[in-house]
A.B. asks: 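Can you keep this structure in mind? I'll have questions shortly.
Proteins come first, then strands; the chains are lettered A, B, ... in the order of their sequence lines, and each starts at number 1.
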Amino acid sequence: MTTQHVRVTVNGQPREADVEPRLLLAHLLRDAFGLTGTHVGCDTSHCGACTVIFDGRSAKSCTVLAVQANGAEVTTIEGLEQGGKLHPLQQAFWDQHGLQCGFCTPGMIMESTWLLGQNPDPTEAEIREGISGNLCRCTGYVNIVKAVQQAAAELRAAGAGTAEQASVAAGGR
Amino acid sequence: MHFEGSVEIRAPRDRVWAFVTDPNQVGGCGPGVESIEVIDDRHFRARAKVGIGFISARFLVDLEMAELTPPERAVIRARGQAPGSAVDATASMNLRDGAAVATTTMDWAADVTIAGTIASLGGRLIEGTANKMIGQTFDCMRSRLEA
Amino acid sequence: MSETYHAQAPTTTPEVGGMGHALKRREDPRFIRGKGEYIEDVMLPGMLWLDIVRSPYAHATIRGIDASEALKVPGVLAVITGRDLEAAGLHWMPTLAGDRQMVLPTDTVMYQAQEVAAIVADSRYAAADGVAAVLVDYEPLPVVVDPFKALEPDAPVLRPDRGPDKQTNRIWHWESGDKAAADTALAGSDVVISEDIYIPRIHVASIETCGCIADWDPVREHLTVHMTTQAPHAIRTVFSLVSKIPEHKIRIKTHDIGGGFGGKVPVYPGYVLAVVASLTTGKPVKWIEDRSENLQADSFARDYHVHCDLGTTKDGRLTGLRVRTIADHGYSDAAADPSKFPAGLFNVITGSYDLPAAFVEVDGVYTNKPPGGVAYRCSFRVTEAVHSIERMVDIAAHQLGIDPAELRMKNFIQPDQFPYHSATGWEYDSGNYPAALRKAMEIIGYDELRREQAEKRARGELMGIGISSFTEIVGAGPSHTFDILGIKMFDSCEIRIHPTGSAIARLGVQSQGQGHETTFAQIIAEELGIPATDITIEEGDTDTAPYGLGTYASRSTPTAGAATAIAARKIRDKARLLAAHLLEANPDDLEWTNGKWSVKGSPDRFKTIQEIAFAAYTNHPQGMEAGLEAVDYYDPPNLTFPFGSYICVVDIDKGTGQVKVRRFVAVDDCGNIINPMIVDGQIHGGLTMGLAPALYEAITYDEQGNNQAGTFLDYLVPTAMETPAWETDKTITPSPHHPLGAKGVGESATVGAPPAIANAVVDALWHLGVRHIDIPITPQKVWAILREKGVTA
Ligand code: FES
Ligand code: FES
């Protein structure tokens, strides 16, 4: 079968591979790049275990072809921790017992990063709607909602901090 | 699933009979047919692509002219399979002279069973889709015969 | 939601983290970073892929398999058919229930999506291409979908392979209780309530599907199977018996498991095919099923057609119960029930009530469906029992015009009746049912809700309140009664204390998300005073872990948890002798407090467990064995009986028939609690897997035996939108016979929740003349009922 060459920036690193045109992005990430944190849990785009950030938007990587990702920027669960510090969502899922078997967790966390980017102060109903494309069979969602709330509060506080510093730097007050 | 109906064709009965018993002609009107291979005068094999909702599958279908009473009645039996799916169908066609000269009335009936993935996934869409496909088949036959 | 756990105050410090501490989970750091290692993440050098050709027909003769085109597909290396397996005697395999099941058919397929052939290829995509290229010539046979029709005299015999005396679709008949006593009690009752209750087929649908890598080393003649199994040791034994490979040459190794819920207990043909493929090619072979294969072919749960007759006096005193059940097992009885219990523990159906007489009979039946009767977060038919009795009690209350809470209170087994002997022969260990129900009623504001309901009803609005006061039965089980394929249902733990005072413990059970790495460390921390963070918990490697039957049926805490406590206590006993040696004291003069042995009366003369551990390797007394370790195989004296009371409030949309769960309060009693955070997480998850079959999930078949819910498109797993914010609380009634007083909790909520929801819906509709609705209570069903009763929006 003919192959095509793709270049993708994954978690800030340039990566490339020769792929069959039918290869799924999820399989490119997992099998070619060894990033096995992105999971596959269904064949109908329902479970969300494969969720990544694709050019700034959340996407189910089982529903994107690797060749479509040529030139794109992709962030996976492995790209969230910065300088040895967990992302506030990772920390919150741990603190709030937002995971059990952990299989849905990477997709759930990635979807939540996108959700909080869109809506930094979501209500419980907005969180539930925001993660409704991601199935979890273990937790009953209660603690996932709490985790997203914890991370949202923390990110808002950090954001307020940066905004204040920025305004100080700009000579305000 | 059972379907039945009746079509008026503006063509004489022997022409209609010749058409429906010629695999290449009648086969060309089957839904999604891509190729036909005649095995002997009663058996032929067709490749057809069928889509139901968001699923599509390429079927390999064995057809048999199970009953031929010229120029009155023909029964065709078909058994097809695609990966994980299968279809079994029996179609009967009864021809009689139409009310007007040089026309034919065809009373037809079809029993179709669908099994496997297509039946699972296509579930509630199957009946409608099958109905539509059968309608298209007879429309095609009529338009070719009347051309 | 309530934040109080009402657990006993922990006796250890938070640093030690023994029982009662909400210790954060020790397995989580890898999962939140995407560094868990699930079966699909494991890649071995030279690994091949296996994919499976499946039958489109639910019942058909195979006239031939043409694999010639498949073998031409680039990358395809081999095709395995039933005939190939037959040559090696591997085309059938035993099920855990003592029936047998095809690995691949030689002549007849028995359900839609059954495995028909396997393709081995050098990539997963090539294997899938190979599957698409195989041509199978089938001759369809009559399909038997309905178990009642399967029992009719002219039904085709689906399993002619069984003995000449078994040429029937009835697999077995099982009875429990006293028929004459139940008949007499019902005959003498003022009122007999009768109802048919169907508990439909459902599927666990763990988000990770099943899979394995079989790795046969032809030089060492050794087989390693990396697999998603909840019961590694039992699997090793079965593999050895079937393949004739000596058991010491087989190693089963699990990795992280993405949810099990019982669906990863059975041996599926895919596992065996991967082993055969590896034996044939001498290379590691990976098989990972996709979701539609998982939903169409893996083991199912429930599928019980229950008929109940419940007797009562006019004033609501229950007198007797008679139950007749048809159990649809599909084409093979592949349940994981203990061998003496073909219908599991279904005869716990007298529930939380002091019922003087009961009789239960169950017939297992074959149909053209995949093997059923396995599990959905409860494998032993307790959910079916609880749903039936809780529905019946509710119907009785409504019919007699007694409040459902009052009728339950009136009939509960009272706290002073424990240990309680039920009419079907169980000895309930402990309980306080009125306390749990009272607590749930207080939290939810029961009386206020009834007032609100009356007002709403007057306005024509549909609101319902449902109660479920369930009794669970878990922790199988005592070896005198419980075995699977002859293997007794004990479980085990081995603990080794290292010289520097940290430790490793290995267990025969297997976590699938339950947090064993945390809770079992907490048990050891409790018993030995070693900080939980200094203890490694290892499971799922049959080469290193002691033999055990695995994790299902909420048995890990009751069995392996007890084994862990006892093994730790054995270590404590040896530590006492070491401490006596170090302190030059008489062992009898020492007392144990908070991780140290100290001399009675002089508390400053002590040795910590860490000091003692060091001495065990550096300074042990002459004549004593070096080292500090112990193993325990725990054979429980009885089962444990967790219980609880759940109350649910629903609102029904008259226009759409949609049922909305407005509130759900769950008061659970699982005895003493090891980690309250984890227990609550188990309950949240269990409740959601109770909501799912109550309102959404069911696997149905058309007349041809086609599965109508074979993907997540049609099999409706609840999302965060449908799931309510669960409110949980506890009462604590320790088990008198468990070393920690714990009872197990994993399945309680799945067992208890469905009738609370169903009862709430019927409660909302009773005044319209609705007596019973089978689950799942979908909007379509409710909509049709409302239209029939003339209700419009
Ligand atoms: S794998 Fe299920 S949505 Fe992508
Ligand atoms: S934690 Fe298991 S599926 Fe979400």
A.B. asks: Any luck finding a side-chain donor-acceptor pair between C:Gln708 and B:Ser120 under 3.5 Å?
C.D. replies: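 Distance-only check fails for C:Gln708 and B:Ser120.
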A.B. asks: Under a 3.5 Å threshold, yes or no: a donor from one side chain and an acceptor from the other, between B:Thr113 and C:Gln704?
C.D. replies: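 Note: B:Thr113 and C:Gln704 side chains miss the donor-acceptor criterion.
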A.B. asks: For B:Glu34, give me all partners under side-chain hydrogen bond (donor to acceptor under 3.5 Å, both in side chains), at least two apart in sequence or on another chain.
C.D. replies: B:Arg58
A.B. asks: How would you list, in number order, the residues of residues 71-82 of chain B that have a heavy atom less than 4.5 Å from chain C?
C.D. replies: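 When heavy atoms of chain C are the reference, residues 71-82 of chain B contributes B:Arg79, B:Gln81 within the under-4.5 Å range.
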A.B. asks: To the nearest 0.5 Å, how far apart are NE2 in C:His91 and OG1 in C:Thr81?
C.D. replies: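 Nearest 0.5 Å value for the NE2-OG1 distance: 11.0 Å.
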A.B. asks: Please state whether the rings of C:Tyr715 and C:His203 are parallel, tilted or perpendicular, taking 30° and 60° as the class boundaries.
C.D. replies: perpendicular
A.B. asks: Would you call C:Arg124-C:Glu40 a salt bridge at under 4.0 Å N-O?
C.D. replies: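 Yes, charged N to carboxylate O under 4.0 Å.
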A.B. asks: Can you list everything that forms a side-chain hydrogen bond (donor to acceptor under 3.5 Å, both in side chains) with C:Tyr376? Sequence neighbours excluded, please.
C.D. replies: A:Arg137, C:Glu697
A.B. asks: Can you say whether B:Ile114 sits under 4.5 Å from chain C via the side chain, the backbone, both, or neither, judging by heavy atoms?
C.D. replies: backbone
A.B. asks: Do the charged groups of B:Asp107 and B:Arg96 touch, with an N to O distance under 4.0 Å?
C.D. replies: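 Yes, this pair counts.
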A.B. asks: Report which part of C:Ala113 has an atom under 4.5 Å of a heavy atom belonging to chain B: side chain, backbone, both, or neither.
C.D. replies: neither
A.B. asks: Does a side-chain N-to-carboxylate-O contact under 4.0 Å join C:Asp107 and C:Arg83?
C.D. replies: yes
A.B. asks: Heavy atom to heavy atom, less than 4.5 Å: which residues from residues 48-69 of chain C reach chain B?
C.D. replies: C:Arg54, C:Pro56, C:Tyr57, C:Arg63
A.B. asks: Answer with yes or no whether the side chains of C:Gln296 and C:Asn707 bring together a donor and an acceptor at under 3.5 Å.
C.D. replies: no
A.B. asks: Chain B heavy atoms under 4.5 Å from C:Glu139: which part of the residue, side chain, backbone, both or neither?
C.D. replies: both
A.B. asks: For the CE atom of B:Met1 and the CG atom of B:Asp111, what is their distance to the nearest 0.5 Å?
C.D. replies: 10.0 Å
A.B. asks: In terms of heavy-atom proximity below 4.5 Å to chain B, should C:Asp714 be classed as side chain, backbone, both, or neither?
C.D. replies: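 Only the side chain of C:Asp714 comes within 4.5 Å of chain B.
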